[in-house]
Amino acid sequence: MRFAPSPNGYLHLGHALSALICQQWADALGGHLLLRIEDTDLSRARPNFVDAIHEDLAWLGIRFDGPTRVQSQHLGLYDEALRSLYQRGFAYPAPASRKEMADAVTAYETDGRSWPRDPDGSPHYPFRDRDLAARPERMPDEQPIRLNMEAACKARSRTKLTVQTMETPHADPVAQPLDPSLWGDVLLRGRDRPATYHLAVVVDDAAQRVTHVVRGKDLEAATSLHRLLQELMDLPAPIYHHHHLVMGEDGRKLSKSEGAKSLRVMREAGETPADIRRHLMD
Ligand code: GLU
């Protein structure tokens, strides 16, 4: 099991629930619980949030095994994985800026048509760079790189892509079919992201020998893409469990960007770890 927060804000109740459920699974299975700091989005990650993650989790009483893995210390590993995908024709340079992409999608949608979006709501890449016969043989060092979903799915089409999921730590794993094509040509490396979440998460789950990925339902859709990347890179497939989310009063999942109350604000207001555990786990 691993808990893998991104240091771009303070932890809130949603993170506390995830960390507590990871701990519960690790205890139930007699496994290890690892901490990973997912800080490859260089424009948003901040060192003070890394310190706060350690402090808040220690206050909550979560015990981790082994050293913390910090993704920004392993950029060479993601680069190697990306180069291998590129060399095998599964990735291509996609230099368009955010604005160029947004303009192309808007232009397409002005006459009432809708451009496909991925499960997170981002429009699929609107240009056909993947078709360029002139794709440089060597992966360029600077440009954004995207997955060639069509080539990836074609390479996988002889056997169906599946995921093994478990509802509880002692349930039998159940295999489910997956369709990663919904994600389109996702970004694997961005201008200020030497590796995107999707690339780094699969490389690290393998590097840390994670056997069970326990995380929130908000990441359930991404599992099809992660399983595809694992297959393309010949990495072991963990078992997945996607737990329920903590909802705010507005019925939507808590989010840092929308100002969910942080654990440290709750602590300063006099709440105890026992209050939080009771509130989330009872
Ligand atoms: N870093 C991700 C987040 O904070 C979690 C990644 C994962 O558990 O796969 O949402």
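For ligands, and for the atoms within them, numbers begin at 1 and follow the listed sequence.
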Evaluate the ring planes of His198 and His226, with Trp represented by its six-membered ring, and classify them as parallel (under 30°), tilted (30 to 60°) or perpendicular (over 60°).
tilted
Can you pull out the closest protein heavy atom to atom 4 (O) of ligand 1? Residue, atom name and distance to 0.1 Å, please.
Ser6 OG, 3.3 Å
Would Arg227 and Thr223 count as having a side-chain donor-acceptor pair, cut-off 3.5 Å?
no
Note: Asp218, heavy atoms under 4.0 Å from ligand 1, region reported as neither
Identify, by atom number and element, the atoms of ligand 1 in contact range of Arg2, meaning under 4.0 Å from any of its heavy atoms.
7 (C), 8 (O), 9 (O)
Identify, for atom 5 (C) of ligand 1, the protein heavy atom at the shortest distance, and state residue, atom and that distance.
Ala4 O, 3.3 Å
Near Glu167 CD, under 6.0 Å, is it more than 12 heavy atoms from other residues, nucleotides or ligands?
no
Under 6.0 Å between ring centres: does that hold for Trp25 and His241?
yes
Polar side-chain atom of His15 near backbone of Leu57 as donor-acceptor pair, under 3.5 Å
no
Only heavy atoms of Glu38, strictly under 4.0 Å: list the atoms of ligand 1 that pass.
1 (N), 2 (C), 5 (C), 6 (C)
Out of Val213, Val201, Leu219, indicate the one that has the non-hydrogen atom closest to atom 10 (O) of ligand 1.
Leu219
Spell out, as yes or no, whether a donor-acceptor pair under 3.5 Å connects the side chain of Ser262 to the backbone of Leu11.
no
Could you tell me which atoms of ligand 1, counted from 1 in the order shown, lie closer than 4.0 angstrom to a heavy atom of Tyr197?
6 (C), 7 (C), 9 (O)
At under 4.0 Å between heavy atoms, what of Phe3 touches ligand 1? The answer is neither
